[in-house]
Amino acid sequence: MKELLEVIAKSLVDNPDAVAVEEEEKGQTTVLKLHVADNDMGKVIGKQGRIAKAIRSVVKAAASKTDKKVVVDIVDD
């Protein structure tokens, strides 16, 4: 899931080198923390959070095969 999130984020931003994804395991839940450059934050979130919601939906659908819950957090540094 980490790689999928990283590919999606890098395709959206102007500065793909600043994209980083941290993965934390908490029982049956995996938390993916997405870090992007400050000026790319709006591109990842989108108007009214639509892009962020779409990213979460894609990652959640991909994770459904593994029977794990995946949470995507977009972190503001």
Side-chain angles (χ1 to χ4, degrees):
M1 296 309 115
K2 180 179 177 179
E3 295 82 15
L4 174 64
L5 180 59
E6 202 168 315
V7 168
I8 292 170
K10 284 184 178 183
S11 68
L12 292 172
V13 298
D14 288 333
N15 188 2
D17 295 333
V19 173
V21 179
E22 291 179 40
E23 188 172 14
E24 270 184 40
E25 296 285 334
K26 294 183 180 178
Q28 284 291 97
T29 304
T30 302
V31 179
L32 298 174
K33 294 182 180 181
L34 175 63
H35 298 270
V36 296
D38 289 337
N39 57 341
D40 288 329
M41 191 63 73
K43 291 182 176 128
V44 173
I45 295 173
K47 289 186 180 178
Q48 297 179 353
R50 288 186 181 149
I51 294 175
K53 186 175 180 183
I55 291 170
R56 288 182 177 114
S57 296
V58 169
V59 172
K60 188 175 183 180
S64 67
K65 293 180 182 178
T66 62
D67 293 331
K68 278 191 149 190
K69 183 178 179 188
V70 176
V71 178
V72 177
D73 286 337
I74 300 171
V75 180
D76 187 16
D77 292 330

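What you see below is based on every heavy atom in this structure, not just the backbone, and it leaves out hydrogens, waters and symmetry mates.
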State the NZ-CE distance between K60 and M1, to the nearest 0.5 angstrom. 13.5 Å
Side chains of T30 and E24 in contact at under 4.5 Å (non-hydrogen atoms): no
Rounded to the nearest 0.5 Å, how far apart are CG of D76 and CG of D38? 6.0 Å
Cluster check V71, I74: I/L/V/M/F/W/Y, side chain < 4.5 angstrom: no
Identify which one of I51, I8, L34 satisfies the side chain to side chain contact (heavy atoms under 4.5 Å, CB included) criterion when paired with V44. L34
Nearest heavy atoms of E23 and L32, plus distance in Å: CG-CD2, 3.7 Å
Check: D73 side chain, V31 main-chain N or O, donor-acceptor pair, under 3.5 Å: no
Euclidean distance, K69 NZ relative to Q28 CD, rounded to 0.5 Å: 11.5 Å
Determine, using the 4.5 Å side-chain heavy-atom cutoff (strictly less than), whether V70 and V58 are members of one ILVMFWY cluster. yes
Do the non-hydrogen side-chain atoms of K68 and E25 ever get within less than 4.5 Å of each other? yes
With the side chain counted from C-beta on, respond yes when M41 and V36 share a heavy-atom pair under 4.5 Å apart, and no when they do not. yes
If you measure from the Lys or Arg side-chain nitrogens to the Asp or Glu carboxylate oxygens, is any gap between K10 and E6 under 4.0 Å? yes
dist D14:CG -> N39:CG (nearest 0.5 Å) comes out at 7.0 Å
Return the CD1 to CD1 distance between I45 and I55, rounded to the nearest 0.5 Å. 9.5 Å
